[in-house]
Amino acid sequence: MEVRERLNDVLARIHLSEKSSNRPKGAVALVAISKTFDADAIRPAIDAGQRVFGENRVQEAQGKWPELKRETPDIELHLIGPLQSNKAADAVTLFDVIETIDREKIARAVAGEMERQDRRPRLYVQVNTGLEPQKAGIAPEEAATFVDFCRSELGLAIEGLMCIPPVDENPGPHFALLAKIAGRCGLEKLSMGMSGDFETAIAFGATSVRVGSAIFGAR
Ligand SMILES: *Cc1c(COP(=O)(O)O)cnc(C)c1O
């Protein structure tokens, strides 16, 4: 199958899940995750009408997206991988949404760069719902305090929360936990669900799903 067909298949499944979860049509945005694929592999998705993409590494994204964004200026690019503070400047320059704000140091670095560059990417806080030591994200019990800190100390408008459930667990309880924390923080946006579990995520209230291999193929 071609990228265009797989993309349309994923979009159809998203719409079916919206319907079966009693969500309005268009309630869930598709972020097409293009990590490891080069510009030539990504262009068919852009040609098919997809505009929202995600990458997990700043440096890799710098190698392909400036040109793709010049070709198609209404692209919206999301950073979905861990951010180091020495990459904050580049991330603020290139990305339209940073989904992985997860600690004070990175929040400060991003806030400083937003001020310096007068560029305001939308921001999500990543929550480590499974408390996995190897995974980025703030601990669930610290999330509300951290969101408050970002808002009141740094003046950052946090748009929503993001999580990546442990691979070997039923994702439902993780999605439910993320939705509960968001409710507590007054946040309406939930970035959750990947190729293997995006329909479940939609049932639990995802407003965007991050789908890579189901569109671009195996990595
Ligand atoms: C790679 C990645 C995805 C997409 O994963 P697939 O299983 O290929 O859909 C989603 N979110 C994050 C954070 C990722 O790193």
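Whatever order the structure lists them in is the order used to number ligands and atoms, beginning at 1. By convention here, the first residue in the shown sequence is residue 1.
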Legend entry - Pair listing, salt bridge (charged side-chain N to carboxylate O under 4.0 Å, His left out) test, anchored in residues 185-204, at least two apart: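 Checked against salt bridge (charged side-chain N to carboxylate O under 4.0 Å, His left out) - neighbours excluded - the pairs reaching residues 185-204 are R13-E199.
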Inset, instruction - Measure the spacing between CD1 of I42 and OG1 of T72 and express it to the nearest 0.5 Å. - result: 11.5 Å
Inset, instruction - Please answer whether the main-chain N or O of M114 pairs with a side-chain N or O of R119 as donor and acceptor at a distance below 3.5 Å. - result: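 No, R119 side chain to M114 backbone: no donor-acceptor pair under 3.5 Å.
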Inset, instruction - Would you check if there is a donor-acceptor pair between the side chains of S191 and E99 at a distance under 3.5 Å? - result: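 Indeed, the side chains of E99 and S191 share at least one donor-acceptor pair under 3.5 Å.
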Ligand-protein N/O pairs under 3.5 Å (ligand 1):
{"residue": "ligand 1", "atom": "8 (O)", "partner": "S213", "partner atom": "N", "Å": "2.8"}
{"residue": "ligand 1", "atom": "8 (O)", "partner": "S213", "partner atom": "OG", "Å": "3.0"}
{"residue": "ligand 1", "atom": "8 (O)", "partner": "R219", "partner atom": "NH1", "Å": "2.7"}
{"residue": "ligand 1", "atom": "8 (O)", "partner": "R219", "partner atom": "NH2", "Å": "3.0"}
{"residue": "ligand 1", "atom": "9 (O)", "partner": "S195", "partner atom": "N", "Å": "2.9"}
{"residue": "ligand 1", "atom": "9 (O)", "partner": "S195", "partner atom": "OG", "Å": "2.5"}
{"residue": "ligand 1", "atom": "9 (O)", "partner": "G212", "partner atom": "N", "Å": "2.8"}
{"residue": "ligand 1", "atom": "11 (N)", "partner": "R210", "partner atom": "NE", "Å": "2.9"}
{"residue": "ligand 1", "atom": "15 (O)", "partner": "K35", "partner atom": "NZ", "Å": "2.7"}

Legend entry - Test: E55 and K64 ion pair at under 4.0 Å: yes
Inset, instruction - Using a strict cut-off of less than 4.0 Å between a Lys/Arg side-chain nitrogen and an Asp/Glu carboxylate oxygen, indicate whether E113 and R116 qualify as a salt bridge. - result: yes
